[in-house]
**Student:** 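Here it is, the structure, as structure tokens.
Given the structure is predicted, the values throughout are model-derived calculations rather than measurements. We count ligands from 1, going down the list as the structure has it; atoms in each ligand are counted the same way.
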Amino acid sequence: MRHVPRQPREGINVSDTHPLVEAGTLIVGLAAIFVTIAILLIFLVEIALYFIPVEKEVALFENWLPEDLVAVSPNDERLNQAQLLVDRLAFHWADAPYEFRLEIDDSDIANAMALPGGLIIVTQGLLDEVESENELAFVLGHELGHFRNRDHIRALGRGIVVSMFFAVATGGDVSNLGLNAADLALRGFSRRQESKADEFGLALVYTHYGHVNEAWRLFERWDDGDDSILNIVSYMSTHPDSGDRVDNLDAMATREGWPVEGSITGLKW
Ligand SMILES: [Zn+2]
């Protein structure tokens, strides 16, 4: 039999599917793979970090600062006073494994966070919002509560993975774990973690002052909507809703028998 060569039919290399649909499927597929890898990595890093002993964490992060921190001058009076307050509160946490370091970030947006190695960051925006030492003491006590429960170390796992993905996406340095990544990661704290940190913080405030007067006054003001909502949005994204929080703290004080009356200590700046 003789072979008769034939031209292939027109458009044999063109798929019946519209190219845009194909491109869309590819993008969605890749995104799904990307997200799955990220979730898996977060899970693995969280497990790995959970088994790092506190002493190791302290040794690793002793002098570490987030690369995007814009620290205020070391002579800033607010820095000295806030560090003193952290030390005084931490004094009531017997055998705390951390030497707490406080830094003020030069941002107008109110926020506070607990970072590896015993580092507490508060923003200028938050310090502008507090009206008494008692208010600040509770915010700091709450962050100490996260160290106590080692919530921050789990958040760090998320932060590392988020940074890695930022680095891949932007071609930056993988080793740079910044405040933005940490801030994103801290949004993962559960209600239970937040309420346990509140409980620990309020206990420290009570032990220090002998009462919890004005401890949550800041959140009452925020709940009343007195202040610019834009400035507190960052703090609110990583902490419970002010209204619920006020109710819970009030109930906690009643349950524990911590007096809600007592003299207020003014800010020394
Ligand atoms: Zn918190």
**Student:** Listing by chain and number, which protein N, O or S atoms are under 2.8 Å from the Zn ion (ligand 1)?
**Tutor:** H142 NE2, H146 NE2, E194 OE1, E194 OE2
**Student:** Of all residues at least two apart in sequence or in a different chain, which pass the side-chain hydrogen bond (donor to acceptor under 3.5 Å, both in side chains) check with E256?
**Tutor:**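 Counting only residues at least two positions away or on another chain, E256 forms no side-chain hydrogen bond (donor to acceptor under 3.5 Å, both in side chains).
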**Student:** Please work out whether the ring planes of Y206 and W258 are parallel, tilted or perpendicular, with thresholds of 30° and 60°.
**Tutor:**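 Parallel, since the angle between the ring planes stays under 30°.
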**Student:** My understanding is that only residues two or more places apart in sequence, or in another chain, count here; which of them pass side-chain hydrogen bond (donor to acceptor under 3.5 Å, both in side chains) with E57?
**Tutor:**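 Here the qualifying residues are Y98, R150, H152.
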**Student:** Quick one: list whatever passes side-chain hydrogen bond (donor to acceptor under 3.5 Å, both in side chains) with E214, sequence neighbours left out.
**Tutor:** none
**Student:** Between the side chains of E133 and K268, is the shortest nitrogen-to-carboxylate-oxygen separation below 4.0 Å, so that they form an ion pair?
**Tutor:** yes
**Student:** Is N149 reaching over with its side chain to a backbone N or O of D151, donor-acceptor style, under 3.5 angstrom?
**Tutor:** no
